[in-house]
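Written out below as structure tokens is the structure these notes cover.
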Amino acid sequence: MTANVAGIRGFGTDLLKPSGSHARRRLQVVTDGVAMAASVILAAAFRFDFSIPARLMDEMLWYALASAVLFVVLGTARGLYKGRWSFGSFEEVSALVSVIATVCVVMWFVALLLPKSGTTRPIPLSVPLVASTIMLTTSAGVRYLWRLVYERRMRPQSEGLERVVVIGAGEGGQQIITAMVRNPSGRYLPVALIDDDPTKRNLRIRHVPVSGTREDLAAVAARHDAKIALLAIPTADSSLIRIYADLARDSGLRLMVLPSASELYGAEVGTGDIRPVTHADLLGRHEVDTDVDSIAGYVTGKRVLVTGAGGSIGSELSRQLYRFAPSSLVLLDRDESALHAVQLSIEGRALLDSRNLVVCDIRDTDRVNQIFREHRPEVVFHAAALKHLPLLEMHPAEALKTNVWGTQVLVDAALASGVERFVNISTDKAADPCSVLGYTKRLAERLTAAAANHSSGIFLSVRFGNVLGSRGSVLTAFAKQIEDGGPVTVTDPEITRYFMTVEEAVQLVIQAGAVGRDGEALVLDMGEPVKIDDVAKRLISEAGRPIDIVYTGMRPGEKLHEVLFGADEVGSSPSHPRISHVSVPPLSVRQLPVPSPDATDAETIAVLREAVARPDIRSTAS
């Protein structure tokens with residue numbers, strides 16, 4: 001008995017589906033045909049005050065039948081019964097109107113051409129006109145009621161349903177509310193909207209009303225017995241998310257979010273995209289407006305090489321470049337395990353069976369040249385580097401070998417093989433550098449700029465700050481310290497840093513490669529700097545237990561506040577609002593002093609500092 005009831009219920013739901021089953025489409029044909037014929041008869045009844053003359057009845061019935069057949073034929077040709085559109089959608093109603101209008105015109109001419117009986121027309125010319133109005137009202141009404149019943153049956157009905165206040169009545173809010181109310185097994189039920197736009201105060205989306213602004217969040221949630229606030233604004237940046245995180249906490253709500261616009265890549269959002277707020281959302285999320293066409297112009301169909309492809313930046317860079325269909329994507333790293341992981345993330349397999357996976361140390365000149373001869377890359381993204389500031393202060397010679405000489409090895413190989421575009425990944429530490437990391441990355445920028453003078457290709461650098469999700473991120477360290485019960489170590493209560501998610505940073509890096517000019521450094525907009533002390537306190541508050549913060553003092557080479565531009569640099573944004581262009585003084589490799597093999601760390605650092613201060617080779621040449 002239960003199975004029979006379930007089968008009947010399933011059959012009914014199948015008939016109601018907006019996309020349309022075969023049974024529903026057949027029923028729709030019959031319904032529309034009958035409605036068309038009935039509209040003609042009713043229009044004639046109106047014309048004759050509900051007393052159609054008996055002598056006209058036969059002609060009227062045939063005329064009604066012909067109208068119905070014509071409607072079904074034209075409707076089939078137009079796609080009304082092929083499941084082309086969602087049932088009752090604006091697109092389907094538009095097609096319905098065009099079919100009704102065509103039937104009206106054809107049947108009007110038929111009525112006009114029918115021979116008169118004396119002075120009387122067998123079919124009054126007003127009948128097709130009135131019938132078309134009745135048909136439109138009837139058929140559109142049936143579709144509306146049909147869709148209304150379907151949507152009510154599709155509303156979430158599962159046990160443990162969680163009531164949600166949706167923040168944002170824009171495109172993201174409309175999509176996620178539609179997805180929630182059309183998921184009968186879903187766990188979320190939207191009960192109210194809030195939006196700060198005063199023009200939306202009377203708006204309803206799928207019968208869910210806008211009930212106030214952000215100041216009303218607590219009252220709206222209490223009135224509707226909601227326990228979740230969902231921020232449905234994919235373009236929301238980290239500052240807005242922090243505001244709503246604080247409001248939700250004060251209101252006793254759990255804040256959920258949708259992926260950022262850069263994570264969605266233009267796809268529509270669904271209930272599966274709803275997730276808790278992450279630390280990356282709170283600190284480093286920014287809106288990225290990417291010009292896909294310009295990127296595709298220099299990546300699609302090209303041979304692309306990524307160095308440091310197994311690292312945090314390199315692996316995300318590889319994943320995003322793969323979307324633009326290069327003719328080949330060569331992934332280079334000295335860590336074979338990292339190459340295994342990045343192949344798995346891109347291809348869903350990790351057999352390590354492709355020549356495009358290259359194990360290589362960029363310090364090895366012969367090996368690098370061999371790779372360039374074999375793969376002949378046209379576009380190079382250079383992400384390989386040593387990057388941990390305190391460690392490099394203790395081992396400056398290693399930073400010199402990788403970040404400076406390794407970059408020069410790649411630049412020389414790129415020049416020799418005629419690379420079209422070389423993008424060097426730099427860091428904000430290169431702006432007014434005061435650390436080994438900053439010195440070496442600034443020298444890498446200047447060596448890249450110098451290569452621009454000797455190539456028909458474009459050689460440029462891209463500079464940005466701390467990347468959330470990268471290995472060694474401050475969030476990783478804080479999370480581990482909190483998990484261990486503390487204390488959480490912060491160097492200084494006033495120290496600030498810029499943050500950006502790895503996805504957004506890489507998206508802008510690829511965009512920068514499209515708009516950058518020869519010899520420039522492109523500086524990515526990182527938003528507002530964030531106090532590290534505030535980050536630590538927020539994470540501790542989420543832990544729900546008392547944990548101490550210990551201030552350890554500034555480390556050698558560390559800045560209290562990072563800058564993205566040097567003191568003598570002036571940025572402009574001619575191509576993209578989030579990307580600034582600054583000129584970089586080129587430095588010849590011949591101008592780099594080489595420390596002696598037995599140089600102390602202090603002597604090596606002094607050599608680096610001296611090299612950074614050397615003048616532009618263009619000024620020395622003149």
Side-chain angles (χ1 to χ4, degrees), residues 304-311 313-314 317 330-334 358 360-372 377 379-389 392 395-417 419-431 433 435-455 457-464 509 512-513 516 518-522 584-595 604 607-612 614 616-617:
V304 180
L305 168 68
V306 179
T307 74
I313 300 295
L317 185 56
V330 182
L331 310 179
L332 182 152
D333 203 288
R334 64 179 182 178
V358 178
C360 173
D361 190 327
I362 62 170
R363 300 177 179 184
D364 187 338
T365 303
D366 293 338
R367 175 69 174 139
V368 168
N369 289 333
Q370 177 189 18
I371 291 163
F372 272 73
V379 180
V380 175
F381 288 90
H382 172 36
L386 297 178
K387 64 176 185 178
H388 290 287
L389 187 148
L392 298 186
H395 306 286
E398 296 303 306
L400 173 63
K401 292 173 188 175
T402 296
N403 296 354
V404 179
W405 295 117
T407 298
Q408 188 59 44
V409 168
L410 288 166
V411 163
D412 289 340
L415 289 171
S417 61
V419 164
E420 296 176 5
R421 197 170 299 253
F422 184 97
V423 181
N424 168 51
I425 308 298
S426 190
T427 170
D428 58 353
K429 310 295 187 295
S435 64
V436 170
L437 175 58
Y439 296 144
T440 56
K441 296 301 280 185
R442 178 58 173 172
L443 290 173
E445 287 184 357
R446 296 189 64 183
L447 292 173
T448 302
N453 297 328
H454 306 288
S455 171
I458 295 175
F459 284 70
L460 58 95
S461 297
V462 180
R463 184 191 300 169
F464 53 88
V509 165
D518 233 4
E520 291 182 328
L522 282 80
V584 176
L587 184 73
S588 168
V589 67
R590 294 188 300 274
Q591 291 181 286
L592 289 176
V594 181
T604 301
V607 165
L608 292 171
R609 187 183 301 114
E610 177 189 352
V612 168
R614 285 182 177 268
D616 187 331
I617 58 173

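- Looking at Thr427 and Lys387, their side chains never come closer than 4.5 Å, going by heavy atoms from C-beta outward.
- Checking side-chain atoms of Asp518 against main-chain N and O of Phe459 turns up a donor-acceptor pair under 3.5 Å.
- Going from atom CG of Asp364 over to atom CZ of Arg334 covers 12.5 Å, rounded to the nearest 0.5 Å.
- Salt bridge annotation for Glu610-Arg614: present, with a cationic side-chain nitrogen under 4.0 angstrom from a carboxylate oxygen.
- Here the straight-line distance linking atom CG of Leu305 with atom CG of Leu410 works out to 7.5 Å at 0.5 Å rounding.
- The backbone N or O of Leu437 sits nowhere less than 3.5 Å from a side-chain atom of Asn403 that would complete a donor-acceptor pair.
- Looking at Thr307, its side chain does come within 3.5 Å of a backbone N or O of Ala383 through a donor-acceptor pair.
- Remark: the backbone N or O of Ala397 is not paired with any side-chain donor or acceptor of Thr604 at under 3.5 angstrom.
- A donor-acceptor pair is defined here as one N or O able to donate and one able to accept, closer than 3.5 Å; such a pair exists between the side chain of Arg446 and the backbone of Pro585.
- Side-chain contact between Ile362 and Val409: absent, with no pair of heavy atoms (C-beta onward) separated by less than 4.5 Å.
- Between Thr448 and Leu460 the shortest side-chain heavy-atom distance does not fall below 4.5 Å.
- With hydrogens and angles disregarded, a donor-acceptor distance shorter than 3.5 Å links the side chain of Lys441 to the backbone of Ile425.
- Under the 30°/60° scheme for interplanar angles, the aromatic rings of Phe422 and His382 are found to be tilted.
- Atom CG of Leu447 is separated from atom OG1 of Thr407 by 7.0 Å, given to the nearest 0.5 angstrom.
- Counting heavy atoms from C-beta on, the side chains of Val404 and Tyr439 never come closer than 4.5 Å.
- With respect to the salt-bridge test (charged N to carboxylate O, under 4.0 angstrom), the residues Arg363 and Glu398 qualify.
- The shortest heavy-atom contact between Pro433 and Gly438 is CB-C, 3.4 Å.
- Side-chain atoms of Gln370 and Asp366 form no donor-acceptor pair, as typed in the model, at a separation below 3.5 Å.
- Listed here is the closest heavy atom pair of Pro595 and Val607: CD-CG1, 4.0 Å.
- Within the 4.5 Å cutoff, the side chain of Cys360 has heavy atoms near those of the Ile371 side chain.
- Side-chain contact between Arg442 and Val584 is present, with at least one heavy-atom pair separated by less than 4.5 Å.
- Using a 4.5 Å heavy-atom cutoff, the side chains of Pro586 and Asp616 are in contact.
- Within the 4.5 Å cutoff, no side-chain heavy atoms of Val411 are placed close to those of Asn424.
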